[in-house]
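FYI, side chains are in, hydrogens and waters are out, and symmetry mates aren't considered; it's all heavy atoms of this structure. Order of listing sets the numbers, starting from 1, for every ligand and every atom in it.
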Amino acid sequence: MREDVEVICPACHESIPLTVNPAKGSKTWEEECCVCDTPIAVRLIVDEDDEYTVEVEEVSEEEPEAKDADGLEETRVTCPACWEEIPLVIDLSAGSQTYSEDCSVCCRPMTVRVWVSEDGDEHTVDVEAESD
Ligand SMILES: [Zn+2]
Ligand SMILES: [Zn+2]
């Protein structure tokens, strides 16, 4: 059971013919628009009553995952001196570490203790007032 449908190309917005085969169930594939030659992703969704919908979208270039790429994680901590909540960027790629940081609100130094699990999936951050 092949069916001819018309879809709107997401790139050139022309109506283009497409042949789908809902009998084989839902699937996703790539097709080139016959008008503008832009590759488009076609998604055929067949529901339980054999009704089907066809969706098209422009094939997007795979974006490299920026998340966690540099190991920087933004967190919020409460300053032990002024009790303000302040943002803190920690470098998880450096592993567990203890260092000194000045509060961005009251400028008083505090000790930041970062614990990172061996696989890097978990971490905790503790801050305490710097003793002098
Ligand atoms: Zn097109
Ligand atoms: Zn503070």
Neighbouring protein N, O or S atoms of the Zn ion (ligand 1), below 2.8 Å: 4
Residues, nucleotides or ligands: over 12 heavy atoms within 6.0 Å of E118 CD: no
CH2 (W29) with more than 12 external heavy atoms under 6.0 Å: yes
Of the protein N/O/S atoms, how many lie under 2.8 Å from the Zn ion (ligand 2): 4
Quick one, [X] and [Y] - any side-chain contact, counting heavy atoms below 4.5 Å?
| X | Y | answer |
| --- | --- | --- |
| V89 | E73 | no |
| V114 | T98 | no |
| I45 | Y52 | no |

Working for side-chain contact (heavy atoms from CB on, under 4.5 Å), residues C103 and M110: CA-CA 7 Å; C103 171; M110 63 184 137; 4.0 Å; yes
Could you tell me which non-hydrogen atom of [X] sits nearest to which non-hydrogen atom of [Y], and how far apart they are?
| X | Y | result |
| --- | --- | --- |
| I16 | C34 | CG2-SG, 3.7 Å |
| S96 | W115 | OG-CA, 3.5 Å |
| D91 | Q97 | O-NE2, 3.0 Å |

